[in-house]
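The structure under discussion appears below in the form of structure tokens.
Naming: A, B, ... by sequence-line order, numbering from 1 per chain.
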Amino acid sequence: MPPKKKARVSKRTADSGKDDGTVSSSGGKRKAAASAGKNGKSSESPQYSHWLMKSEPESRFENGIDVKFGIEDLKALPDQTGCWDGVRNYQARNFMRQMKEGQLAFFYHSNCKEPGIAGVMNIVKESYVDHTQFDKKDVHYDATSKPDNPKWSMVDVQYQRMMKRFLPLSELKKYHLQHRATGGPLKDMALFTRARLSVQPLTAEEFDFILSLEDKEAL
DNA sequence: GCCAACGTTGGC
DNA sequence: GCCAACGTTGGC
């Protein structure tokens, strides 16, 4: 599902700024925009600063193309940097559009033998047009998206480090259930409350708690 | 490979 | 604008 190529493509960013938006609902692009508030800059809500991004580390063929892209594949790219292309879900896209350079994201391994958090990466380039939407050869080609009004965006991410120990979904889930019952940082974690979202936000508390698990015994 | 959850599409 | 059918995600 997610990325595969390297980064480059620096030149211009285009990034149409406004343009279409979220789901449907009445007002159109409302939703999260409501909060905003201070944020002198320009656009939407800056609320989140940490992220979790899913990708599949095991080979799987979609239209004859292998979509495998695990953390080792990111690490192997030049500069250990790649573009997170192929996101074709509006909520996930909108979260990517909120990402700022320097923010941290967990690299999550999905749809595999052992799903879970494998490592940490850095957002090194803010959102810009995902060129794969116009590429008929690409698995994620989108015939409904036109170059003069692109639908899909991507960011560039750089490998930062592996987790000191792999954090399996099963363990995170145990904490989630425990925290849901008795209170705790993972009680509302998007990984469980928004199961299919491939790019999701984490609060600083969630992020820090998960990092703290590295130094604990597996649950 | 199964299938639940849930996002998207399209008829009306 | 509703909602059923359909397609995809992703754990197990």
Side-chain angles (χ1 to χ4, degrees), chain A residues 1-4 19-33 48 51-74 83-98 105-119 121 127 130 132-146 149-155 157 163 165-180 186-202 206 210 213 218-219:
Chain A
M1 7 119 94
K4 48 174 123 42
D19 101 329
D20 65 281
T22 45
V23 219
S24 43
S25 81
S26 47
K29 55 176 64 167
R30 270 315 50 173
K31 261 291 187 278
Y48 296 108
W51 310 95
L52 180 148
M53 302 169 86
K54 299 178 181 177
S55 186
E56 303 183 40
E58 293 172 7
S59 281
R60 186 172 65 81
F61 290 84
E62 219 173 286
N63 311 326
I65 298 162
D66 193 356
V67 298
K68 169 186 187 294
F69 188 83
I71 193 165
E72 300 293 348
D73 298 301
L74 176 61
C83 53
W84 205 265
D85 60 7
V87 171
R88 296 294 180 268
N89 168 281
Y90 288 109
Q91 289 186 66
R93 179 204 69 177
N94 292 344
F95 283 130
M96 282 202 296
R97 288 181 176 181
Q98 292 178 39
F106 286 128
F107 195 123
Y108 179 89
H109 282 172
S110 69
N111 203 17
C112 56
K113 200 68 70 57
E114 201 179 21
I117 294 174
M121 52 193 174
S127 76
D130 178 349
T132 65
Q133 66 198 296
F134 308 122
D135 180 0
K136 291 197 171 75
K137 300 283 177 44
D138 195 276
V139 197
H140 302 290
Y141 171 66
D142 181 356
T144 71
S145 182
K146 299 301 169 195
N149 188 20
K151 285 187 179 174
W152 306 110
S153 303
M154 62 188 182
V155 296
V157 296
M163 300 307 280
R165 66 179 181 91
F166 182 84
L167 298 178
L169 174 66
S170 57
E171 181 175 342
L172 295 170
K173 190 171 208 165
K174 286 177 193 164
Y175 281 108
H176 167 65
L177 292 173
Q178 192 177 298
H179 291 182
R180 213 176 51 178
L186 297 196
K187 73 174 149 53
D188 296 319
M189 191 185 181
L191 191 59
F192 304 105
T193 59
R194 325 262 9 228
R196 294 174 49 199
L197 241 201
S198 68
V199 175
Q200 46 183 259
L202 277 77
E206 290 167 338
I210 291 167
L213 296 179
L219 230 206

If I take atom [atom1] in residue [X] and atom [atom2] in nucleotide [N], what distance separates them, rounded to the nearest angstrom?
| X | N | atom1 | atom2 | result |
| --- | --- | --- | --- | --- |
| A:E114 | C:dG11 | CD | C1' | 13 Å |
| A:H176 | C:dG11 | NE2 | C1' | 14 Å |
| A:E62 | C:dG10 | CD | C1' | 13 Å |
| A:N89 | B:dT9 | CG | P | 11 Å |
| A:L191 | C:dG11 | CG | C1' | 11 Å |
| A:L172 | C:dG10 | CG | P | 15 Å |

Ring-plane angle category for A:H109 and A:F166, please: parallel below 30°, perpendicular beyond 60°, tilted otherwise.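 If you compare the ring of A:H109 with that of A:F166, the planes turn out tilted.
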Are any of the side-chain heavy atoms of A:F95 and A:Q98 separated by less than 4.5 Å?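 They are in side-chain contact.
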Would you check if the distance from the ring center of A:W51 to the ring center of A:F107 is below 6.0 Å?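 No.
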Could you check A:F192 against A:N111 and say which one's nearest nucleotide on DNA chain B is further toward the 5' end?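 The 5'-side residue here is A:N111.
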Under a plain distance cut-off of 3.5 Å, with no hydrogens placed, do A:T193 and A:R180 share a side-chain donor-acceptor pair?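 No donor-acceptor contact under 3.5 Å links the two side chains.
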Determine: side-chain N/O of [X] to OP1/OP2 of [N], distance under 4.0 Å, yes or no.
| X | N | value |
| --- | --- | --- |
| A:K54 | C:dT9 | no |
| A:K173 | C:dC12 | yes |
| A:Y108 | C:dG11 | yes |

Taking only residues two or more places apart in sequence, or in another chain, which ones meet A:Y141 in a ring pair (Phe, Tyr, Trp, His ring centres under 6.0 Å)?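 So A:Y141 forms no ring pair (Phe, Tyr, Trp, His ring centres under 6.0 Å) with any residue.
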So, A:R60 and A:E62, do they make that salt bridge, N to O below 4.0 Å?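 Counted as a salt bridge, because a side-chain N and a carboxylate O are separated by less than 4.0 Å.
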Atom pairs under 3.5 Å, N or O on each side, protein against nucleotides 4-8 of chain C: can you list them with distances?
{"from": "C:dG7", "atom 1": "N2", "to": "A:R196", "atom 2": "NH2", "distance (Å)": "3.4"}
{"from": "C:dT8", "atom 1": "O2", "to": "A:R196", "atom 2": "NH2", "distance (Å)": "2.9"}

